Amino acid sequence: MENLKDLKFNEKVQLLNRLKAEKDAVILAHYYVNEDIQAVADYIGDSFFLAQKATELKEKTIVMAGVYFMGESVKILNPSKNVLMPDIDADCPMAHMVSIQKIKEVREKYDDLAVVTYINSTAEIKAYSDICVTSSNAAKIVNKLKEKNIFFIPDKNLGDYVKKSLPDKNIILNDGYCPVHDEIDASDIKAYKGKVKIFAHPECRKEVLDLADFIGSTKAIINESGKYDDVLVVTEEGIFTELKKKFPNTNYRKLIKKPICNDMKKLTLDKIIDVIENNKNQVNVSEEISSKALIPLKRMLKLGA
């Protein structure tokens with residue numbers, strides 16, 4: 001393979017396109033990855049869109065440009081596909097912030113219980129769950145469940161947002177969180193209140209969400225924010241690539257301390273080319289875990305549609 005660092009961007013794109021054709025590969029990318037990766041991705045979206053899209057693809061190799069739980073989800077939904085990660089060490093800390101033991105303890109305590117698992121979780125945790133959700137459909141899906149008691153894992157902030165939205169449900173919170181969103185300080189947002197529209201992701205803390213004019217998933221923020229002239233966006237800064245492309249006339253404001261997911265930023269164009277060329281960083285999930293985790297993921301796709 002050519003020495004990638006010596007190639008210009010357009011030369012890398014040409015090489016990538018050739019490799020994709022040769023290897024029958026397709027690239028899925030999350031909104032939080034670097035701009036150059038979003039530029040070459042075949043499909044860009046949030047966790048729900050990417051999980052859904054992965055089930056529709058004809059290509060035999062799927063490159064999941066995101067963090068590891070996303071690669072696991074794609075593999076579970078498509079066991080016959082060859083799923084590759086540009087960086088196998090790009091992980092989501094929140095995905096590990098709940099234990100199987102904790103799930104078992106809550107199940108023993110409540111009879112009428114559904115374990116609702118945010119897609120930002122490990123395959124093993126999904127295997128012990130009743131249904132998966134994303135930030136775009138969490139409240140919608142929980143509202144459809146017959147169970148009154150809901151153990152929402154692993155994100156306490158998204159869980160609290162769902163709890164506020166659905167007062168008739170008894171939502172039991174876990175203590176996990178997204179370090180990127182949880183560190184956003186309400187004091188950095190207060191100065192904007194009443195001056196611009198404030199759009200926030202539900203992984204943020206309650207005091208941040210209380211200041212927001214709109215709360216929604218990455219996709220929802222993108223779709224709704226274009227209706228306004230002046231918007232403060234309170235989520236990971238990778239979203240601005242899509243925002244500026246889709247709504248160039250909207251004035252998008254950033255927080256002074258940019259929320260950055262360092263794991264998403266580990267991914268590079270060179271790494272994508274490398275994994276396709278050399279079939280590296282394959283995602284494998286054991287048949288036992290995969291068969292169990294497939295059930296809550298399929299329920300999510302059905303109820304979230």
Side-chain angles (χ1 to χ4, degrees), residues 32 46-48 69 92-99 101-103 105-107 109-110 112-122 125-126 128-190 192-193 197-221 224 232-236 239 255 257 259 261 296 299-300 303-304:
Y32 294 167
D46 60 7
S47 299
F48 181 69
F69 79 80
C92 171
M94 176 169 59
H96 304 277
M97 291 186 186
V98 66
S99 67
Q101 182 60 34
K102 180 80 180 282
I103 295 171
E105 286 171 7
V106 176
R107 282 202 189 275
K109 191 174 178 182
Y110 297 90
D112 183 36
L113 180 82
V115 176
V116 176
T117 300
Y118 192 20
I119 199 167
N120 299 38
S121 55
T122 65
I125 291 298
K126 289 181 177 75
Y128 280 83
S129 309
D130 296 303
I131 193 165
C132 290
V133 297
T134 68
S135 56
S136 63
N137 60 32
K140 175 184 174 181
I141 286 178
V142 171
N143 192 42
K144 289 181 179 179
L145 300 178
K146 67 181 192 301
E147 292 86 358
K148 181 177 176 63
N149 300 308
I150 306 293
F151 184 32
F152 194 96
I153 57 176
D155 185 12
K156 63 181 179 182
N157 293 326
L158 179 58
D160 189 55
Y161 172 69
V162 173
K163 186 174 187 173
K164 188 178 175 183
S165 305
L166 303 172
D168 291 341
K169 296 285 189 181
N170 176 36
I171 295 179
I172 303 129
L173 299 176
N174 182 52
D175 54 4
Y177 56 90
C178 165
V180 178
H181 287 101
D182 196 66
E183 285 178 7
I184 296 170
D185 200 311
S187 62
D188 296 334
I189 299 162
K190 282 177 183 172
Y192 292 95
K193 189 64 181 172
K197 291 293 179 182
I198 299 170
F199 278 53
H201 194 284
E203 287 179 15
C204 296
R205 281 181 278 131
K206 180 182 180 296
E207 56 265 34
V208 171
L209 298 183
D210 286 345
L211 293 167
D213 298 296
F214 179 86
I215 301 165
S217 66
T218 320
K219 184 181 179 182
I221 288 173
E224 288 294 315
L232 173 70
V233 179
V234 186
T235 188
E236 210 278 345
I239 193 175
L255 294 170
K257 186 185 176 188
C261 175
R299 284 192 77 198
M300 174 191 75
L303 291 182

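In this chain, residues are counted from 1 in sequence order. Values below: all heavy atoms of this structure, side chains included; hydrogens, waters and symmetry mates excluded. Keep in mind that this is a model prediction, so the values were computed, not measured.
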Chemist: Please evaluate residues D213 and K193 with respect to the criterion salt bridge (charged side-chain N to carboxylate O under 4.0 Å, His left out), reporting the C-alpha separation (whole Å), side-chain torsions for both, the decisive distance (0.1 Å), and the verdict.
Modeler: CA-CA 9 Å; D213 298 296; K193 189 64 181 172; 3.4 Å; yes
Chemist: Determine whether D182 and R205 satisfy the following criterion, side-chain contact (heavy atoms from CB on, under 4.5 Å), listing intermediate values before the conclusion.
Modeler: CA-CA 6 Å; D182 196 66; R205 281 181 278 131; 3.2 Å; yes
Chemist: Taking it one step at a time, do E147 and Y110 satisfy side chain to side chain donor-acceptor pair (under 3.5 Å)?
Modeler: CA-CA 10 Å; E147 292 86 358; Y110 297 90; over 6 Å; no
Chemist: Atom CG of L209 and atom CD1 of I215: how far apart are they, to the nearest 0.5 Å?
Modeler: 4.5 Å
Chemist: Grab the two heavy atoms, one from S165 and one from A139, that are nearest each other, plus how far apart they are.
Modeler: CB-CB, 4.5 Å
Chemist: With heavy-atom distances below 4.5 Å as the criterion, would you say the side chains of M300 and F48 are in contact?
Modeler: yes
Chemist: Can you confirm whether more than 12 heavy atoms, excluding those of K169, are under 6.0 Å from its NZ atom?
Modeler: yes
Chemist: Would you check, one step at a time, whether the test side-chain contact (heavy atoms from CB on, under 4.5 Å) holds for S47 with N120?
Modeler: CA-CA 8 Å; S47 299; N120 299 38; 4.2 Å; yes
Chemist: Measuring from atom CG of D168 to atom CD1 of I171, what distance do you get when rounded to the nearest 0.5 angstrom?
Modeler: 10.0 Å
Chemist: Nearest heavy-atom pair of Y177 and P179: which atoms, and what distance?
Modeler: O-CD, 3.4 Å
Chemist: So which atom in D46 and which in S217 form the shortest heavy-atom distance, rounded to 0.1 Å?
Modeler: OD2-OG, 3.9 Å
Chemist: Is it the case that atom NZ in K190 sees more than 12 heavy atoms from other parts of the structure closer than 6.0 Å?
Modeler: no
Chemist: Where the side chain of D112 meets the backbone of K148, is there a donor-acceptor pair that is under 3.5 Å apart?
Modeler: yes
Chemist: Do the non-hydrogen side-chain atoms of V234 and H201 ever get within less than 4.5 Å of each other?
Modeler: no
Chemist: To the nearest 0.5 angstrom, please state how far the CD1 atom of I150 sits from the CG atom of L145.
Modeler: 5.0 Å
Chemist: Say whether, by atom type as modelled, one donor and one acceptor occur between the side chain of E207 and the main chain of A186 under 3.5 angstrom.
Modeler: no
Chemist: Looking at V115, I172, V98, L158, which one forms a side-chain contact (heavy atoms from CB on, under 4.5 Å) with F152?
Modeler: L158
Chemist: The test is side-chain contact (heavy atoms from CB on, under 4.5 Å); show your working for Y32 and T235 and say whether it passes.
Modeler: CA-CA 9 Å; Y32 294 167; T235 188; 2.9 Å; yes
Chemist: Between CG of N143 and CG of L303, what distance do you get to the nearest 0.5 Å?
Modeler: 11.0 Å
Chemist: For a 4.5 angstrom cut-off between non-hydrogen side-chain atoms, does P296 reach T117?
Modeler: no
Chemist: Go through the steps for N170 and N149 under the test side chain to side chain donor-acceptor pair (under 3.5 Å), then give the verdict.
Modeler: CA-CA 5 Å; N170 176 36; N149 300 308; 2.9 Å; yes
Chemist: Treating N137 as the side-chain partner and T134 as the backbone partner, does any N or O pair qualify as donor plus acceptor under 3.5 Å?
Modeler: yes
Chemist: Please step through side-chain contact (heavy atoms from CB on, under 4.5 Å) for the pair F151 and K102, ending with a clear verdict.
Modeler: CA-CA 10 Å; F151 184 32; K102 180 80 180 282; 3.8 Å; yes
Chemist: Are C204 and Y161 packed together at the side-chain level, in the sense that at least one heavy-atom pair is separated by less than 4.5 angstrom?
Modeler: no
Chemist: In Å, rounded to the nearest 0.5 Å, how long is the span from OG of S135 to CD1 of I221?
Modeler: 8.0 Å
Chemist: If we only count heavy atoms from C-beta on, is the M97 to D175 side-chain gap below 4.5 Å?
Modeler: no
Chemist: Work out which heavy atom in I184 is nearest to a heavy atom in P259; give both atom names and the distance.
Modeler: CD1-CG, 3.9 Å
Chemist: Using a strict threshold of under 4.0 Å (side-chain N to carboxylate O), is an ion pair present between D210 and K206?
Modeler: yes
Chemist: Taking the side chain as everything from C-beta on, heavy atoms only, tell me whether L232 gets closer than 4.5 Å to L255.
Modeler: yes
Chemist: With D130 as reference, evaluate K146, R299, R107 under the salt bridge (Lys or Arg N to Asp or Glu O under 4.0 Å) test and give the passing residue.
Modeler: R107
Chemist: Under a 4.5 Å cut-off applied to non-hydrogen side-chain atoms, are S136 and K219 in contact?
Modeler: no
Chemist: Can you confirm whether Y118 sits close enough to M94 that some side-chain heavy atom of one is under 4.5 Å from a side-chain heavy atom of the other?
Modeler: yes
